[in-house]
Amino acid sequence: MSKQHRDLVYGFKHRKSLETVPVTVEIGGEEIRLKHINMTKDVPNQRKAVRKALGLMKEKKDWDNFPLLLEGLHSAGRVTDDVALELFVRMASMAGRQDAVLESVRRISKTGLRINTRQIAKMVVWWIQYRALANDFSHADTKKSLSMAEQIAILMEDDAHAGGRVTDSEDPRTSPEVIGFLLELSALNAKHQGGKDENGSVEKYAKNLLASLRDKELEGMASRNRKTDPARVHEIESNSMLQTVAPILLGVRTAVSILDQSSDTTRQLRDLETKLAAQVAQDVETLKANPASRERFGLWVYEKTAAAE
């Protein structure tokens with residue numbers, strides 16, 4: 001609806017006039033009579049409604065509606081919090097529709113899907129590289145994931161996302177996680193093409209990752225607050241870190257095998273590899289110590305990346 005019609009529907013002072021003087025509006029080719037809506041009682045719970053809508057997307061083509069759903073929420077003035085956004089991106093990506101996520105990011109003026117924080121950027125790019133991860137890093141899927149991840153990196157330079165001067169540690173363009181996933185995909189793609197860094201992208205991402213890590217520590221995927229049993233906190237943190245660090249470790253190891261063995265960049269990557277390997281080993285040990293733990297996704301990610309080395 002237009003703003004005028006929304007004000008008419010939600011404004012309490014118009015309630016009686018809508019009952020006595022019919023007002024209709026055409027929506028989707030159908031004439032709809034406007035009725036007063038009480039914002040405190042009549043508006044359905046957004047999160048439940050979104051979950052229901054996503055649950056109805058059974059076929060791969062159903063995800064063509066993903067950008068349209070975001071557009072509807074955005075035009076209605078509904079704020080999509082990070083929890084709902086992660087659900088959107090995760091479900092679309094698990095259905096193999098990372099392209100729908102990319103399209104939503106492109107259409108920011110309509111969808112409101114803005115990549116302006118380190119957490120959001122990390123989540124979006126992680127699920128893009130998931131396409132390659134889930135398909136055992138086949139050449140086709142690795143190349144496609146790399147292309148989409150690089151498009152996200154370019155879009156982040158737009159003022160509508162995070163463009164302009166780099167300001168603080170939250171700037172997604174300097175996120176070591178995002179750069180690390182780009183290194184992973186770039187290095188694996190180069191490995192598929194004969195093991196040579198033909199366009200220099202592997203070295204570029206390697207240098208950018210090393211520079212970023214001089215200022216920032218790597219973070220796990222789950223950083224939002226949870227009401228969690230303290231006994232499970234350590235497992236949750238290890239599961240989260242493993243999802244982030246294992247793919248980056250794979251990227252670092254692959255880059256080391258491709259770049260000039262005598263270069264300073266390769267030397268620094270070897271040092272980083274030692275640190276990341278220790279972190280991964282610690283997190284794997286934590287999760288394997290409790291076979292009954294619900295936090296197992298990190299182990300799956302670890303096994304996938306370990307198999308690709």
Side-chain touch [X]/[Y], heavy atoms, less than 4.5 angstrom:
X: R106; Y: L155; answer: yes
X: L34; Y: V9; answer: yes
X: H5; Y: Y10; answer: no
X: V89; Y: S93; answer: yes
X: E219; Y: R118; answer: yes
X: L102; Y: Q151; answer: yes
X: M156; Y: D171; answer: no
X: K122; Y: P172; answer: no

Residues that N199 engages under side-chain hydrogen bond (donor to acceptor under 3.5 Å, both in side chains), provided they are two or more places apart: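 Counting only residues at least two positions away or on another chain, N199 forms a side-chain hydrogen bond (donor to acceptor under 3.5 Å, both in side chains) with S201.
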
Report yes or no: does [X] contribute a side-chain atom to a donor-acceptor pair with the main-chain N or O of [Y] at less than 3.5 Å?
X: S238; Y: H234; result: yes
X: D158; Y: A160; result: yes
X: R296; Y: L287; result: yes
X: K288; Y: L299; result: no
X: H161; Y: V105; result: yes
X: T274; Y: R270; result: yes
X: S212; Y: N208; result: no
X: N135; Y: S138; result: no
X: H192; Y: F137; result: yes
X: R173; Y: A162; result: yes

Nearest 0.5 Å, please: how far is [atom2] in [Y] from [atom1] in [X]?
X: N116; Y: D159; atom1: CG; atom2: CG; result: 12.5 Å
X: M148; Y: L146; atom1: CE; atom2: CG; result: 10.0 Å
X: S240; Y: E237; atom1: OG; atom2: CD; result: 8.0 Å
X: L183; Y: K207; atom1: CG; atom2: NZ; result: 13.0 Å
X: L249; Y: L218; atom1: CG; atom2: CG; result: 10.5 Å
X: D283; Y: N239; atom1: CG; atom2: CG; result: 9.0 Å

Grouping I, L, V, M, F, W and Y whenever their side-chain heavy atoms are under 4.5 Å apart, do [X] and [Y] come out in a common cluster?
X: M94; Y: M221; value: yes
X: V280; Y: L188; value: yes
X: V178; Y: I108; value: no

Aromatic plane relationship, F297 with W300 - under 30° parallel, 30 to 60° tilted, over 60° perpendicular: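 Because their plane-to-plane angle is under 30°, the rings of W300 and F297 count as parallel.
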
Hey, mind stepping through S145 and T142 against side chain to side chain donor-acceptor pair (under 3.5 Å) and telling me if it holds? CA-CA 5 Å; S145 292; T142 300; over 6 Å; no

What are the two closest heavy atoms between [X] and [Y], and how far apart are they?
X: S75; Y: G72; answer: OG-O, 3.1 Å
X: L269; Y: V256; answer: CB-CG2, 3.6 Å
X: F181; Y: T244; answer: CE2-O, 3.7 Å
X: I248; Y: P176; answer: CD1-O, 4.2 Å
X: A53; Y: L69; answer: CB-CD2, 4.2 Å
X: L242; Y: G298; answer: CD2-O, 3.3 Å

Indicate whether any N or O donor in one side chain lies under 3.5 Å from an N or O acceptor in the other, for [X] and [Y].
X: E31; Y: T24; result: yes
X: R267; Y: Q261; result: no
X: T254; Y: S257; result: no
X: D264; Y: Q268; result: yes
X: E235; Y: S293; result: yes
X: K216; Y: T174; result: yes

Is it the case that atom [atom1] in [X] sees more than 12 heavy atoms from other parts of the structure closer than 6.0 Å?
X: R33; atom1: CZ; result: yes
X: E285; atom1: CD; result: no
X: E19; atom1: CD; result: yes
X: E309; atom1: CD; result: yes
X: F66; atom1: CZ; result: yes
X: K144; atom1: NZ; result: no

Please determine whether side-chain contact (heavy atoms from CB on, under 4.5 Å) holds for the pair H74 and T111, giving the CA-CA distance in whole Å, both sets of side-chain angles, and the decisive distance to 0.1 Å. CA-CA 6 Å; H74 186 60; T111 64; 5.7 Å; no

Enumerate, atom names and distances included, each donor-acceptor pair closer than 3.5 Å involving a side-chain atom of residues 123-132, sequence neighbours excluded.
from	atom 1	to	atom 2	distance (Å)
W126	NE1	Q243	O	2.8
Q129	NE2	W126	O	3.2
R131	NE	D141	OD1	3.3

Show the numbers, then the answer: is there a side-chain contact (heavy atoms from CB on, under 4.5 Å) between L87 and R51? CA-CA 8 Å; L87 178 66; R51 284 181 176 274; 3.6 Å; yes

Applying side-chain contact (heavy atoms from CB on, under 4.5 Å), run through V101 and F88 and close with a yes or a no. CA-CA 9 Å; V101 176; F88 278 157; over 6 Å; no

In sequence, state the C-alpha distance, the side-chain angles, and the governing distance for R97 and D64, and then conclude on side-chain contact (heavy atoms from CB on, under 4.5 Å). CA-CA 9 Å; R97 290 303 306 271; D64 291 340; 2.8 Å; yes

For T117 and Q119: C-alpha separation, side-chain torsions, deciding distance, then whether side chain to side chain donor-acceptor pair (under 3.5 Å) applies. CA-CA 5 Å; T117 69; Q119 180 65 23; over 6 Å; no

Test salt bridge (Lys or Arg N to Asp or Glu O under 4.0 Å) on K58 and D62 and set out the steps. CA-CA 7 Å; K58 304 295 186 183; D62 293 341; over 6 Å; no

Would you sort out whether T286 and Q282 count as a side chain to side chain donor-acceptor pair (under 3.5 Å), showing the intermediate values? CA-CA 6 Å; T286 297; Q282 178 182 317; 5.6 Å; no

